[in-house]
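Accompanying notes for the structure given below.
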Amino acid sequence: MDQPLAPHCALDLSELRPLSRAELPADTVELSRFLIGRTLVHRTAQGTLAGRIVETEAYLPDDAASHAFRGPTKRNGSMFLRRGHAYVYISYGVWPCMNVSSDEAGTGAAVLLRALEIVSGAETMLAEKPAPLRDLARGPGRLARAMRITLGDDGLDLCATGDAVPPLFLAGAIRQIGEIGASVRIGITKEADRLLRFFERGNSAVSGPGRLNR
DNA sequence: ATCGGGATCTTCT
DNA sequence: GAAGATCCCGATC
């Protein structure tokens with residue numbers, strides 16, 4: 001469940017191919033579950049950063065907790081792109097948070113990526129912010145910082161088009177995916193009883209209070 | 001391990 | 001003008 005990659009089985013980065021849009025479930029809740037255990041990859045000048053997605057939240061079209069609930073604004077425009085685009089916003093004036101748009105063009109919905117288990121680029125991240133490995137991307141703000149995701153990535157198409165490999169993309173699972181748990185979402189006040197948060201059970205890189213992670 | 005307060009600033013009411 | 005999809009640190013159990 002929570003097995004760090006041993007040195008002898010280092011990740012082969014060349015196997016991380018971008019998922020196509022057709023491979024992403026067209027339903028927001030299904031996509032939220034699907035993304036658990038898949039890989040988020042960012043090719044940067046400092047090298048390739050990558051992590052297993054271990055915690056997500058769904059924000060639906062008819063959902064008062066969603067940024068898109070009251071229609072398009074300057075901030076949330078990327079939530080209205082067809083599924084597979086990055087929606088990056090600044091939380092509490094400071095922290096970038098990374099989402100994947102999840103519906104058809106014109107409908108506002110997204111999956112918030114809340115936590116990763118880092119599998120590549122840990123040295124780069126640790127040089128910037130010393131921390132236990134499991135803490136590097138535990139929480140949406142830390143995730144974006146660790147992966148060097150900024151507002152400049154807002155609106156990027158994460159899916160491959162032709163042979164082009166996007167700088168930021170989603171890839172398949174690099175090992176077996178553990179059991180997936182569900183809970184209420186974290187840090188919201190509206191629609192606070194809906195079970196729209198998903199996580200890999202037993203993974204210590206998952207954020208939030210322990211009582212939600214069973 | 002869990003809880004609570006302060007920082008910080010953009011967005012929308 | 002208030003609230004907010006958070007983080008960090010210190011206090012306490």
Side-chain angles (χ1 to χ4, degrees), chain A residues 2 28-29 31-36 40 51 53-81 83 85-103 107-118 125-126 128-156 158 168 170 181-214:
Chain A
D2 189 15
T28 299
V29 173
L31 179 63
S32 299
R33 299 184 65 103
F34 171 86
L35 288 178
I36 299 296
L40 178 66
I53 299 168
V54 298
E55 182 185 354
T56 62
E57 282 179 357
Y59 288 88
L60 308 181
D62 187 13
D63 176 358
S66 169
H67 289 167
F69 184 61
R70 294 172 192 281
T73 66
K74 183 174 183 184
R75 172 175 68 165
N76 69 16
S78 298
M79 288 187 78
F80 293 82
L81 301 173
R83 72 181 186 279
H85 290 78
Y87 165 47
V88 182
Y89 73 94
I90 302 297
S91 178
Y92 290 88
V94 184
W95 313 99
C97 293
M98 161 88 188
N99 300 251
V100 179
S101 69
S102 57
D103 212 300
T107 300
V111 176
L112 172 66
L113 305 185
R114 287 195 54 93
L116 302 180
E117 174 189 333
I118 299 302
M125 300 171 193
L126 289 170
E128 190 173 292
K129 167 75 182 177
L133 187 60
R134 74 186 66 161
D135 289 347
L136 279 176
R138 193 174 69 174
R142 292 165 170 173
L143 182 156
R145 179 184 58 195
M147 291 293 289
R148 288 191 132 86
I149 291 166
T150 69
L151 215 45
D153 299 310
D154 183 45
L156 289 184
L158 304 171
L168 181 61
L170 300 164
S183 82
V184 297
R185 294 172 291 182
I186 292 179
I188 57 164
T189 55
K190 297 166 187 160
E191 312 251 6
D193 53 351
R194 301 180 76 171
L195 299 178
L196 292 175
R197 172 176 174 266
F198 304 95
F199 56 93
E200 186 178 39
R201 280 215 171 97
N203 193 306
S204 61
V206 172
S207 79
R211 66 188 169 79
L212 291 185
N213 295 337
R214 307 174 182 287

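Every chain is numbered from 1 and lettered A, B, ... according to where its sequence line falls, protein lines coming before strand lines. Scope of the values below: all heavy atoms of this structure, side chains included, with no hydrogens, waters or symmetry mates.
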Should [X] be listed as having a side-chain N or O under 4.0 Å from OP1 or OP2 of [N]?
X: A:Arg211; N: B:dA1; value: no
X: A:Arg142; N: C:dC8; value: yes
X: A:Thr189; N: C:dA3; value: no

Return the OH to CZ distance between A:Tyr87 and A:Phe80, rounded to the nearest 0.5 Å. 9.5 Å
Let me spell it out: for each of A:Arg145 and A:Arg75, pick the nucleotide of DNA chain C with the closest heavy atom. Which residue's pick is nearer the 5' end? A:Arg75
Show your working on side chain to side chain contact (heavy atoms under 4.5 Å, CB included) between A:Arg148 and A:Glu128 and close with a plain yes or no. CA-CA 11 Å; A:Arg148 288 191 132 86; A:Glu128 190 173 292; 3.0 Å; yes
Could you give the [atom1]-to-[atom2] distance, from [X] to [N], as a whole number of Å?
X: A:Tyr87; N: C:dA5; atom1: OH; atom2: C1'; answer: 9 Å
X: A:Leu151; N: B:dT11; atom1: CG; atom2: C1'; answer: 12 Å
X: A:Phe69; N: B:dT13; atom1: CZ; atom2: P; answer: 12 Å
X: A:Ile186; N: B:dT2; atom1: CD1; atom2: P; answer: 13 Å
X: A:Ile149; N: C:dA5; atom1: CD1; atom2: C1'; answer: 15 Å
X: A:Tyr92; N: C:dC7; atom1: OH; atom2: P; answer: 10 Å
X: A:Glu128; N: C:dC7; atom1: CD; atom2: P; answer: 15 Å
X: A:Met79; N: B:dT11; atom1: CE; atom2: P; answer: 16 Å

[X] side chain, from C-beta outward: closest of [options]:
X: A:Leu112; options: C:dA5, C:dT6, C:dC7; answer: C:dA5
X: A:Cys97; options: C:dC8, B:dT13, C:dT6; answer: C:dT6
X: A:Arg114; options: C:dA5, C:dG4, C:dC8; answer: C:dA5

Taking all atoms of both residues into account, what is the closest heavy-atom pair of A:Leu60 and A:Leu196, and its distance? CD1-CD1, 4.0 Å
Under 3.5 Å for both donor-acceptor distances, Watson-Crick or wobble: does [N] have a partner, and if so which one?
N: C:dA5; value: none
N: B:dT8; value: none
N: C:dC13; value: none

Pair A:Asn213, A:Arg197 - check side-chain hydrogen bond (donor to acceptor under 3.5 Å, both in side chains), show working. CA-CA 10 Å; A:Asn213 295 337; A:Arg197 172 176 174 266; 2.7 Å; yes
If we require ring centres under 5.5 Å and near-parallel planes under 30°, does A:Trp95 stack on C:dT6? no
Could you check whether A:Tyr89 and the base of C:dA5 form a stacked pair, meaning centres closer than 5.5 Å and planes differing by less than 30°? no
Select base, sugar-phosphate, or nothing to describe what A:Met98 touches, counting heavy atoms under 4.0 Å on all strands. nothing
Ignoring hydrogens and geometry, is there a side-chain-to-backbone donor-acceptor pair from A:Glu117 to A:Val54 under 3.5 Å? no
Yes or no on side chain to side chain contact (heavy atoms under 4.5 Å, CB included) for A:Ser207 and A:Arg142, after CA distance, side-chain angles and deciding distance? CA-CA 10 Å; A:Ser207 79; A:Arg142 292 165 170 173; over 6 Å; no
